[in-house]
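Start at 1 and go down the list; that is how both ligands and their atoms are numbered. One is the number of the first residue; the rest follow in order along the sequence.
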Amino acid sequence: MKDWQDFDIKVISKAKGPWLVDSEGRKYLDGVASMWCNVWGHTRKEIVNAMIDQVKRLQHSTLFGLANEPAILLAQMMVKQAKGMSRVFYSDNGSTAVEVALKMALQYWRNSGKPNKNRFIALQNGYHGDTIGAMSVGYIQNFFANYRKVLFSVHRVPSPYLYRRPNNMSEDDFVNHCIDSMEMILKKNSNVAAVIMESGAQLAGGAIIYPDGYQKEIKKLCEKYGTLLILDEIATGFGRLGSMVEYIKQESMPDIVAFGKMLTAGYLPLAATLSTEEIYNAFLGEFDEYKQLFHGHTFTGNPIGCATAIANLELYKKEKLIESVRRKSKIIRKRLDEIEGYEIVGDVRHKGMLAGIELVNDKKSKRPLRLKKERINYLIMRESLKRGVFLRPLGHIMLLVPPLAIPNKGLDMLLDVAVEIIEYIQKKRGESL
Ligand SMILES: *Cc1c(COP(=O)(O)O)cnc(C)c1O
């Protein structure tokens, strides 16, 4: 926080397309999709109009005992695309969507007469949000160390972070090791309520993209040992990795799945936790059995948020966005091949509209890159802003997470600036930095 006092923070006052405009009229390409949630760029006409229409009609009305039209319609649209899911529970942000998923899983087992199933298995490098439950199943040590005393304990298993696997293991061996570690825990513990993991890739943990088949194997383990699978598609669903619903691509249907971030095109806070009919049915009972899910937020199912999400989903179809993501993904891939050659680039990870470039001291030691005088992430932020782009890395890992519909020209600029910064760092390294 102290460092930020000296940082020349830009005040964004308007935006259009992929461009953020600050209070002095300077433009920056939104290279992080405003924290991984922007889909179409800013001020997209169709979505803004849907928001205005809804604002005029109904701003908010509760789902405690009532319903509203946008909330119903959006739920119908979501279960249609999320194969296997049939029910939707709304909340306001990704963290709460995860809390809802955890509570659903715990209570599912209680309602089903198995209250001892009350522990979770979670992955190393996982991230599920910043509330207490979401932190408990997450694992980013430096973020969460201060709160450890109040976090609940979980079974933790390695994630398939291939680049940082032990030296003596092949990639295949390491993936098998990750899967076997989970199976060991499931074999020994009958108390596992659910496995919770991000779907397709771990984003905040460092853009760790799962190897093919890994997630499917985890799903098989959940079935074999009778535990639930909770998938977190908050960052990876809605096309970030090139699929509308990532678990369909991964052939790993969950029991509960959370969506957020891009659900409203990044325009309003809204999230949803979806479940199968089987999970839903376990919450039906006589009133004094107390089988209902004890959870509800003031702004649950907010009509403006839901109307925004509906307009967003309609645009996905109309513009065939997923197909265009796949085309743009190839452009990124090409440019990343060129980036791989730099001495300070240890690993390049890419899928869909997500790229993580892991910077190291040298390729051999794989030691995370450090500079003498400045933190690498500040440097990347500062140098990217100077060049008209906003990049926000994860420590030594440079992240490219543009709005999905970024025009090709913008994409070129983003990649040009990424290359320029890598060259800049490589040149300055050992000099004064
Ligand atoms: C961002 C994120 C969350 C938390 O969502 P918030 O809206 O920030 O609370 C949860 N899980 C994943 C995978 C995320 O990327």
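- Geometrically, ligand 1 and G129 share no nitrogen or oxygen pair separated by less than 3.5 Å.
- Each of the following atoms of ligand 1 lies closer than 4.0 Å to a heavy atom of N93: 7 (O), 9 (O).
- Listed by number with element, the atoms of ligand 1 under 4.0 Å from a non-hydrogen atom of H128 are 10 (C), 11 (N).
- For the residue pair Q250 / Y214, no side-chain donor-acceptor distance below 3.5 Å is found, with atom types taken as modelled.
- The closest side-chain donor-acceptor pair between D3 and Y378 falls under 3.5 angstrom.
- Of the protein's non-hydrogen atoms, D232 OD2, 2.7 Å is the one closest to atom 11 (N) of ligand 1.
- Residue contacts with ligand 1, taken as heavy atom pairs separated by less than 4.0 Å, do not involve L203 at all.
- Ligand-side atoms of ligand 1 in range of Y127: 2 (C), 3 (C), 11 (N), 12 (C), 13 (C), 14 (C), range being under 4.0 angstrom from any heavy atom.
- The ligand atoms of ligand 1 that sit less than 4.0 angstrom from a heavy atom of A235 are 15 (O).
- Looking at E99, E198, K261 and measuring to atom 14 (C) of ligand 1, the nearest heavy atom belongs to K261.
- In this structure, atom 6 (P) of ligand 1 lies nearest to the protein heavy atom G94 N, 3.4 Å.
- Each of K219, Q215, E246 was evaluated against S252; a single residue qualifies, Q215, per the side chain to side chain donor-acceptor pair (under 3.5 Å) test.
- Centroid-to-centroid, the aromatic rings of W40 and Y316 come within less than 6.0 Å.
- Between S95 and ligand 1, a contact under 3.5 Å exists for at least one N or O pair.
- A donor-acceptor pair is defined here as one N or O able to donate and one able to accept, closer than 3.5 Å; such a pair exists between the side chain of E233 and the backbone of Y247.
- Here the closest non-hydrogen pair linking M381 and P393 is CG-CD, 4.1 Å.
- A cation-pi arrangement is present between K366 and Y163, with the terminal nitrogen or guanidinium carbon under 6.0 Å from the aromatic centre and inside a 45° cone about the axis.
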